[in-house]
Number of protein chains: 2
Amino acid sequence: MLSKSCIYGIQAAIYVAANASQEFVPISQIASELKISFHFLTKVLQQLTQARLMNSYRGPKGGVALAKPSTEVTLYDLIGAIDGTAIFTECMLGLPGCGIAEPCPAHEHWTKVRSELTVIARRLTLDSMAKKAGELNVRLTEEFRYAQTMFPAIRPLNGNH
Amino acid sequence: MLSKSCIYGIQAAIYVAANASQEFVPISQIASELKISFHFLTKVLQQLTQARLMNSYRGPKGGVALAKPSTEVTLYDLIGAIDGTAIFTECMLGLPGCGIAEPCPAHEHWTKVRSELTVIARRLTLDSMAKKAGELNVRLTEEFRYAQTMFPAIRPLNGNH
DNA sequence: CCTATTTTAGACAAAAGAGTCTGAAATCTG
DNA sequence: CAGATTTCAGACTCTTTTGTCTAAAATAGG
């Protein structure tokens with residue numbers, strides 16, 4: 001469905017949005033919290049900065065930050081910047097000419113799913129995902145559980161897990 | 001979205017369903033009509049026979065055939081046999097624990113798309129796809145067009161294109 | 001029985017994706 | 001200015017996917 005690069009990029013973006021208090025978040029911090037290879041994440045986040053979704057800053061106190069308010073960055077933007085928009089536009093069977101004029105045998109059904117996917121991806125903002133991640137961590141912490149497999153990024157930083 | 005293997009397998013299955021008059025359809029015929037590498041398609045179709053979706057027969061007059069009526073083979077079956085069912089079950093962000101108890105930040109939205117995808121894949125039969133492909137070719141033929149990029153498999157075999 | 005045809009099995013190569021590492025450039029702190 | 005920190009750029013390796021090829025087993029037909 002989504003490439004690993006894309007998944008890492010989305011997770012990192014959520015992390016950055018959830019840590020909006022920090023001006024620039026070091027990639028090393030994101031990588032260690034999310035348990036992603038630092039160098040690999042670096043390359044993924046470069047794609048997001050080149051797509052103008054993030055700003056970066058070198059040196060001490062450097063890192064990455066959202067280029068826009070988290071309410072204005074959607075899942076669609078992130079996927080488009082890393083995996084491209086093919087998933088939102090292409091034929092399920094990969095047939096180049098598939099469209100209304102020359103539909104493939106699965107065309108009408110797949111377009112229905114695809115358009116819903118597009119709507120949802122366009123509506124889902126980093127802001128709302130970061131808030132969901134926050135709620136999740138509060139609940140997990142209250143239940144004395146540790147979101148190891150879930151979303152280690154967003155766990156509270158008070159350290160009492 | 002779907003792997004190339006999976007796309008080839010689906011196209012080939014539609015082709016076989018559309019050529020139900022032939023008892024066994026040689027893979028070489030499918031490959032040349034669909035313009036897929038013969039040896040590669042061979043391996044893909046072996047997956048479908050091992051999954052009991054197709055029968056195969058060696059030697060002259062051999063080939064592959066559907067193991068069940070085309071009304072009883074769904075897109076879900078084909079995808080499941082080649083790419084596996086992960087796409088119908090897995091979290092969008094690939095998080096292992098994601099579920100109702102521990103949803104990831106995009107959980108509820110993705111499950112909505114995913115369940116619609118599952119419903120459609122389970123309902124869409126080879127029979128209906130083969131019929132759609134047939135209608136398409138009639139129309140294309142009437143318009144003196146040649147479904148080269150579209151679905152070369154299903155074009156009529158009368159040869160007057 | 002012999003030959004042609006076809007699937008089966010598996011080795012091999014090419015391409016893309018994922019992950020690792022090194023060095024250079026920028027920037028802060030003292 | 002010196003040293004530490006951090007992104008940037010690119011080379012490199014490993015794995016998976018995709019694609020190609022060869023030989024063996026099964027089967028039909030003469």
Side-chain angles (χ1 to χ4, degrees), chain A residues 1-13 16 19 22-67 79 81-84 86-87 93-94, chain B residues 1-13 16 19 22-67 79 81-84 86-87 93-94:
Chain A
M1 176 67 192
L2 298 179
S3 70
K4 291 245 188 161
S5 294
C6 195
I7 289 172
Y8 294 160
I10 294 168
Q11 291 187 355
V16 171
N19 286 49
Q22 286 181 266
E23 189 60 11
F24 285 97
V25 184
I27 300 176
S28 55
Q29 175 184 336
I30 307 173
S32 74
E33 292 279 346
L34 264 54
K35 300 191 173 29
I36 303 170
S37 150
F38 165 68
H39 288 99
F40 192 66
L41 184 58
T42 285
K43 290 201 292 191
V44 173
L45 292 183
Q46 275 175 30
Q47 293 183 263
L48 294 183
T49 63
Q50 280 158 15
R52 310 273 180 184
L53 292 177
M54 285 195 174
N55 292 324
S56 63
Y57 199 77
R58 294 188 191 183
K61 304 216 167 185
V64 293
L66 295 180
I79 293 175
I82 298 174
D83 274 359
I87 194 175
L93 299 182
Chain B
M1 177 67 194
L2 298 178
S3 70
K4 290 242 188 164
S5 295
C6 195
I7 289 172
Y8 294 160
I10 293 167
Q11 292 187 355
V16 172
N19 286 48
Q22 285 180 267
E23 189 60 8
F24 285 97
V25 185
I27 299 176
S28 55
Q29 175 184 336
I30 308 173
S32 75
E33 291 280 346
L34 263 54
K35 301 193 173 25
I36 302 172
S37 152
F38 165 67
H39 288 100
F40 192 68
L41 183 59
T42 283
K43 290 199 293 190
V44 173
L45 291 182
Q46 276 176 31
Q47 294 184 264
L48 293 184
T49 64
Q50 281 158 13
R52 311 275 180 185
L53 292 177
M54 286 196 172
N55 293 324
S56 64
Y57 199 77
R58 294 188 192 186
K61 306 217 166 184
V64 293
L66 295 180
I79 294 175
I82 299 174
D83 275 359
I87 194 174
L93 299 183

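So you know, we letter chains A, B, ... as the sequences are listed, proteins then strands, and number each from 1. Remember, predicted model here, so these are calculated numbers, not experimental data.
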request  = Determine, step by step, whether Ile82(A) and Ile10(A) satisfy the side-chain contact (heavy atoms from CB on, under 4.5 Å) criterion, reporting the C-alpha distance in whole Å, the side-chain angles of both residues, the deciding distance to 0.1 Å, and the verdict.
outcome  = CA-CA 9 Å; Ile82(A) 298 174; Ile10(A) 294 168; 5.8 Å; no
key: Exercise: identify the closest heavy-atom pair between Ala65(B) and Val16(B)   =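 Taking Ala65(B) first and Val16(B) second, the nearest heavy atoms are CA-CG1, 4.1 Å.
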Nearest listed nucleotide, side chain of [X], among [options]:
X	options	value
Arg58(B)	dT6(C), dT5(D), dT18(D)	dT6(C)
Gln46(A)	dT18(D), dC8(D), dT27(D)	dC8(D)
Lys4(A)	dA18(C), dT7(C), dT20(C)	dA18(C)
Gln50(B)	dA9(C), dA4(C), dC28(C)	dA9(C)
Phe40(B)	dA18(C), dG19(D), dT7(D)	dG19(D)
Pro26(A)	dA9(D), dA25(D), dT7(D)	dT7(D)

Are OP1 or OP2 of [N] and a side-chain N or O of [X] less than 4.0 angstrom apart?
X	N	answer
Ser5(A)	dG17(C)	no
Lys43(B)	dT20(D)	no
Ser56(B)	dT6(C)	no
Tyr8(B)	dG19(D)	yes

Whole-Å distance between [N] [atom2] and [X] [atom1]?
X	N	atom1	atom2	result
His39(A)	dC14(D)	NE2	P	17 Å
Leu2(A)	dA18(C)	CG	C1'	15 Å
Phe38(A)	dA18(C)	CZ	C1'	17 Å
Gln47(B)	dG19(D)	CD	P	13 Å
Ile27(B)	dT8(C)	CD1	P	6 Å
Leu48(B)	dT8(C)	CG	P	11 Å
Leu41(A)	dC8(D)	CG	P	12 Å
Ile7(B)	dT17(D)	CD1	P	14 Å

message = Test your reading of the model: is there a side-chain donor-acceptor pair from Asn19(B) to the backbone of Val25(B), 3.5 Å cut-off?
response =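 A pair under 3.5 Å: no.
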inquiry  = Whether the side chain of Asn55(B) engages the backbone of Val64(B) through a donor-acceptor N/O pair (distance < 3.5 Å, no angle test) should be reported.
reply    =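 Here the side-chain-to-backbone pair does not exist.
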key: Side-chain heavy-atom pair Ser5(B), Phe40(B) within 4.5 angstrom cut-off   =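 They are in side-chain contact.
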ask   = Taking the side chain as C-beta and beyond, is there a heavy-atom pair between Ile36(B) and Gln11(B) under 4.5 Å?
value =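 With C-beta onward as the side chain, the pair touches.
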Base, sugar-phosphate alone, or nothing: which one does [X] contact when heavy atoms must sit under 4.0 Å apart?
X	answer
Tyr57(B)	sugar-phosphate
Leu45(A)	nothing
Thr42(B)	base

message = By nearest heavy atom, map Thr49(B) and Lys61(A) onto DNA chain C; which one lands nearer the 5' end?
response =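 Result: Thr49(B).
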